[in-house]
Amino acid sequence: MGAPLHQVKAELFRTLGHPVRVRVLELLQDGPRAVRDLLTEIDVEPSNLSQQLAVLRRAGLVASSRDGALVIYMLSTPDVADLLAAGRRILASVLDDRDGLREQLRLEGTSR
């Protein structure tokens, strides 16, 4: 018998608990991206990005494919984008306008 469902859910949310992973998922909402393109958008070392992509892949949140020498990443299911949108809605409803975060969430939501 596997782990209890609540434990598996907690592991999913732990996976989402890293800013680089969240940023990768946000970027992939717009469609598949090559690793080199992700690197231009995220200010991390290539080895760190590779490590975070591996965590997302193991969790089943992203999938990858090869196009010659390029490795392309994409969301594994549109439900990942739905989860990110739910997170934005939750934050918008619980945040006071601290540091303009509520406005940033509003603007981000209108661009999708």
Side-chain angles (χ1 to χ4, degrees):
M1 184 168 132
L5 182 56
H6 64 274
Q7 191 172 351
V8 175
K9 288 179 183 178
E11 184 59 36
L12 170 67
F13 285 108
R14 272 192 293 278
T15 300
L16 296 172
H18 193 284
V20 171
R21 292 182 214 140
V22 171
R23 185 65 182 132
V24 166
L25 295 174
E26 289 172 342
L27 291 169
L28 294 178
Q29 289 180 98
D30 296 328
R33 308 272 296 258
V35 173
R36 69 177 182 200
D37 296 334
L38 292 171
L39 278 169
T40 64
E41 297 285 335
I42 305 172
D43 187 29
V44 296
E45 295 293 320
S47 60
N48 187 349
L49 180 60
S50 178
Q51 181 181 34
Q52 302 310 324
L53 287 166
V55 171
L56 291 169
R57 198 173 49 248
R58 281 192 304 272
L61 297 174
V62 300
S64 63
S65 64
R66 285 201 168 273
D67 182 9
L70 294 177
V71 179
I72 310 293
Y73 280 86
M74 70 278 315
L75 296 179
S76 61
T77 171
D79 293 331
V80 176
D82 294 343
L83 179 61
L84 293 171
R88 284 191 298 275
R89 287 191 306 274
I90 292 166
L91 285 173
S93 69
V94 298
L95 283 177
D96 48 8
D97 201 12
R98 179 176 79 214
D99 301 324
L101 290 175
R102 182 180 257 166
E103 180 63 14
Q104 288 178 39
L105 284 166
R106 188 189 68 73
L107 292 172
E108 185 179 281
T110 60
S111 68
R112 301 246 172 254

- prompt: If you take all heavy atoms of Val44 and Leu39, which pair is closest and at what distance?
  reply: O-CD2, 3.7 Å
query: Is it true that Leu75 and Val20 fall in one hydrophobic cluster, defined by side-chain heavy atoms closer than 4.5 Å?
result: yes
query: Does Leu25 belong to the same Ile/Leu/Val/Met/Phe/Trp/Tyr cluster as Val55, with side-chain heavy atoms less than 4.5 Å apart forming each link?
result: no
query: Any side-chain heavy-atom pair from Arg88 and Leu84 closer than 4.5 angstrom?
result: yes
- line: Taking every heavy atom of Leu53 against every heavy atom of Val62, the minimum-distance pair comes out as O-CG2, 4.1 Å
message: Other residues, nucleotides and ligands only: do more than 12 of their heavy atoms fall within 6.0 Å of CZ on Arg57?
response: yes
message: To the closest 0.5 Å, what do you measure between CZ (Arg33) and CG (Leu70)?
response: 13.0 Å
query: Just how far is it from atom CD of Gln7 to atom CZ of Arg14, taken to the nearest 0.5 Å?
result: 7.5 Å
task: Check whether Ile72 and Leu61 end up in the same hydrophobic cluster, where Ile, Leu, Val, Met, Phe, Trp and Tyr are linked by side-chain heavy atoms less than 4.5 Å apart.
output: no
field: Side chain proximity check, Thr77 to Asp82, heavy atoms < 4.5 angstrom
entry: no
- prompt: If every non-hydrogen atom of Thr15 is compared with every non-hydrogen atom of Arg21, which pair is closest and at what distance?
  reply: O-NH1, 2.9 Å
query: At their closest point, which heavy atom of Tyr73 faces which heavy atom of Leu28, and how far apart are they?
result: O-CD2, 3.3 Å
message: Please give me the minimum heavy-atom distance between Gly60 and Ser76, naming the atom from each residue.
response: O-OG, 2.5 Å
query: Same hydrophobic cluster for Val22 and Val35, using side-chain heavy-atom links shorter than 4.5 Å among ILVMFWY?
result: no
message: With heavy-atom distances below 4.5 Å as the criterion, would you say the side chains of Thr40 and Arg36 are in contact?
response: no
- prompt: Rounded to the nearest 0.5 Å, how far apart are CD of Glu26 and CD1 of Ile42?
  reply: 9.0 Å
field: Cluster link Phe13 to Leu56, ILVMFWY, side chain under 4.5 Å
entry: yes
Side chain to side chain contact (heavy atoms under 4.5 Å, CB included) between Val8 and Glu11, worked out: CA-CA 5 Å; Val8 175; Glu11 184 59 36; 5.7 Å; no
task: Output the distance between atom NE2 (His18) and atom CD (Gln51), rounded to the nearest 0.5 Å.
output: 7.5 Å
message: Taking CG in Asp43 as the centre, count heavy atoms belonging to other residues, nucleotides or ligands within less than 6.0 Å. Is the count above 12?
response: no
Inter-residue atom distance Ser64.OG - Met74.CE, 0.5 Å rounding: 7.0 Å
